[in-house]
2 protein chains.
Amino acid sequence: MAQTSPMRADVAMPTARASATTSFRPIVIHPDGALGDPCAHCDARSVSVCNAIEDDRLPRLAAAAVTATLAPGQGFIAEGDPATHFFNITSGTARLFKLLPDGRRQITGFAGRGHFLGLAVSDTYAFGAEAIGPMTMCRFPRSRMLGLLDEFRALEQRLLETARNELVSAQEQMLLLGRKTARERLSSFLLAQARAGSACGHAAHQIDLPMTRADIADYLGLTIETVSRGFTRLRNDGLIRLDGANSVHIRNIAALEDAAGGV
Amino acid sequence: MAQTSPMRADVAMPTARASATTSFRPIVIHPDGALGDPCAHCDARSVSVCNAIEDDRLPRLAAAAVTATLAPGQGFIAEGDPATHFFNITSGTARLFKLLPDGRRQITGFAGRGHFLGLAVSDTYAFGAEAIGPMTMCRFPRSRMLGLLDEFRALEQRLLETARNELVSAQEQMLLLGRKTARERLSSFLLAQARAGSACGHAAHQIDLPMTRADIADYLGLTIETVSRGFTRLRNDGLIRLDGANSVHIRNIAALEDAAGGV
DNA sequence: CGGTCACTTGATCGTCTTCAATACCAGTGG
DNA sequence: CCACTGGTATTGAAGACGATCAAGTGACCG
C-alpha cells in the first residue's frame, strides 16, 4: 500500500499561546419569535438544513427559534457545558475548538452561514464555539428541536446527510494533521477556503480570511509563525498574492494544488 | 482562552513506508441469505445499529445482507471507488485509512465488531478499509439499505446517533493529531483502547492490540520507531507492562491519564 | 538453520517550534 | 499632524522533538 518515498515532512507543535477573547458576555437576543414568519425570509435557509422543511410549515420551525447577535470574539458554546441548544448560523463565521487543560487549542472547524451546530453532542457539548467577527444565529432549545425532528423526517435526513459530510471533512482534516507538511497544510487550507467561498458566490481565485493567523495555526496544528512564513513562501514562489493579511489571491491554482499534496 | 504554557511539544511526520498488504483478493462470500434468520443470531447485533430493528422484522434485514469472511490484510473498501455497499463488521478489526498520492497513509480509525461502515460517503468511498486479522462482516447493497432506512425509521435514528458519536471521536482525534506530543498521543491511544476493550467485556487494565506498530503509527501521525520508543518509555516509567508486542497491561492508570494530556 | 517479518534500539538530521525583535495598522488623544 | 498604544503579522536565530537511516533482536516457519 504505502510505498517508500523520498518525501520529507516534519511538523512540530506549539505550546499554548495567549489569545485574548471576549468569550462569555451576555448574548443579545432578538425577541422576534412572535413575528410573522422569520424563517421564510432567512438568508441562511437556502444553504441550511432548514431548507428541508416545506414553506407552509416553516412557522412551526420559527416558533422554536430565537435569533441572536454576537460581538466579535464572543463565545456561545462552552465545551463540557450541558447541551441545551442547537444553533444555526445565519451570518458571520464561528470557530469550533477543543482545548487541553494547559491551554493548547485545536480548532476543529470554522462554521459559516447555514452551518448547523450542536449535532455532535450527547449531554454536554464536545467542543467550544466563538464568533470570529460580528455574527448572527438562531437558537433552538434541544427538546423542541428533537420534537421537530420527530415531526419533520426530511429534517432528520438532512441532518444525517450533514453529519456524513462533516465526517468526510473530518477524515480529510485528520489526513492533513497527521501526514501533511506545513506547506501542504496551508495550501490545502487555502484551496478549501477558495472552494467554500466560490460556493457562496465569490470569485474562485479570491479568498477572504475572516480568521486570524492564530486561528489558522490552531486549525492546521501549527504555530502563528509557521503559518506566516508559509504565506510568505507561497507568495515568493508566485502561487498566491497577499492583499493585506486577510485577503489572498490565487495566482497559480495548479501549483497550489500540487503544493497541497496532490489531493 | 489559550494562555502561554511552558509545555513543549514537537512532532515530525514520516515519509511513506513500505507496508505489504494482501489488499484486494476476492472476498469469500457465504451464501446464507436463504437461511432461517441469521440476523437474529448475530454476535454483533447487540452492539450494532441493527439492534434498532424489532425481532420479528429481522428477516427483512437479513434478506438484504450477505455475510463474508476476509483474510488478514485483505481490503474491502477502496478510496474513490463507487460506493455500492454498506458494511457491518461482525468479528475482527478493520483499519480505515486515507492515502496521499505519494503513499503517506493516515489511519482515521479502527472498526471492530458492530461497527457500521460506508456511512461517510457520497457516491464514492471517502476512505479505504482493510481487515487487520481474520474478519467477518455482512454487506448490504446501497440501494436496498436506503430502502430499509425508509422502512425502519429507528434504524435511521441509530445511524444519526452513530454519526454524531463518530464526529465527536473525530474531533478528539484532531486535537490529538494537531496538538499532542508523541507521548500524549500514545497514552491517549492506550486509554481509548482500554475503554473500548472494557466495553466489550475485557478487563479494564488489559489491552489487546490487534494492529501492528505501523498501523498505530499511521493512526497517531507518527513513525513506527517513535511508537516503539514511546511504548518503551511508558514501560520504563512504570505506567504500563508489555506482554509481547500486542498485549499491554496498564499499571498506573492515573499516571497514564496524566501522560495523555489530562483529558 | 536460513529466511522473513515485526519490533526495538542507536546516531544523526531536518522541520517546525520557541524566543525575541521588528513592522504594521487602526484607533486615540495631545 | 504626530506621538502613543494595543493588537496582529512578519522576520530572524537557536533549539528541540520526532523523522530518518541503520543495525540488531526475537519469533515464526519453511
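Reminder, nothing fancy here: chain letters follow the sequence lines and each chain counts from 1.
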inquiry  = Using 0.5 Å steps for rounding, measure from the CZ atom of Arg233(A) to the OG1 atom of Thr226(A).
reply    =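 If we round to the nearest 0.5 Å, Arg233(A):CZ and Thr226(A):OG1 are 11.5 Å apart.
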ask   = If you measure from CG on Leu177(B) to CD on Glu172(B), what distance do you get to the nearest 0.5 Å?
value =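 The distance works out to 12.0 Å.
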Integer-rounded Å distance: [N] [atom2] and [X] [atom1]:
| X | N | atom1 | atom2 | answer |
| --- | --- | --- | --- | --- |
| Arg185(B) | dA19(D) | CZ | C1' | 13 Å |
| Phe231(B) | dA6(C) | CZ | P | 16 Å |
| Asp215(B) | dA6(C) | CG | P | 10 Å |
| Asp218(A) | dT8(D) | CG | P | 13 Å |
| Arg233(A) | dT10(D) | CZ | C1' | 16 Å |
| Ile224(A) | dG7(D) | CD1 | C1' | 11 Å |
| Arg229(A) | dC19(C) | CZ | C1' | 11 Å |
| Leu186(A) | dT15(C) | CG | C1' | 15 Å |

ask   = If you measure only the distance, is there a donor-acceptor pair under 3.5 Å linking the side chains of His202(A) and Gln193(A)?
value =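 No - no donor-acceptor pair under 3.5 Å links their side chains.
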Among the candidates [options], find the nucleotide nearest to the side-chain atoms of [X].
| X | options | result |
| --- | --- | --- |
| Leu222(B) | dG18(D), dT18(C), dG10(C) | dG18(D) |
| Arg213(B) | dC19(C), dT20(D), dC7(C) | dC7(C) |
| Leu242(B) | dT8(C), dT9(C), dG18(D) | dT8(C) |

ask   = Does the pair Asp218(B) and Arg179(A) meet the rule for a side-chain contact (heavy atoms from CB on, under 4.5 Å), with working shown?
value = CA-CA 8 Å; Asp218(B) 281 347; Arg179(A) 288 299 181 226; 2.7 Å; yes
ask   = Has Thr226(B) got a side-chain N or O lying under 4.0 Å from the OP1 or OP2 atom of dG18(D)?
value =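 Negative; the distance criterion is not met.
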ask   = Can a side chain N or O of Thr232(A) be found less than 4.0 Å away from OP1 or OP2 on dT10(D)?
value =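 False: Thr232(A) side-chain N/O out of range (4.0 Å or more) of dT10(D) OP1/OP2.
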message = Check this for me: does any side-chain nitrogen of one of Asp215(B) and Arg105(B) sit under 4.0 Å from a carboxylate oxygen of the other?
response =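 Answer for the salt bridge query: yes.
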message = Applying a 4.0 Å non-hydrogen cut-off, can you work out what Thr212(A) is touching in the nucleic acid: base, sugar-phosphate, or nothing?
response =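 Sugar-phosphate, backbone atoms only, no base.
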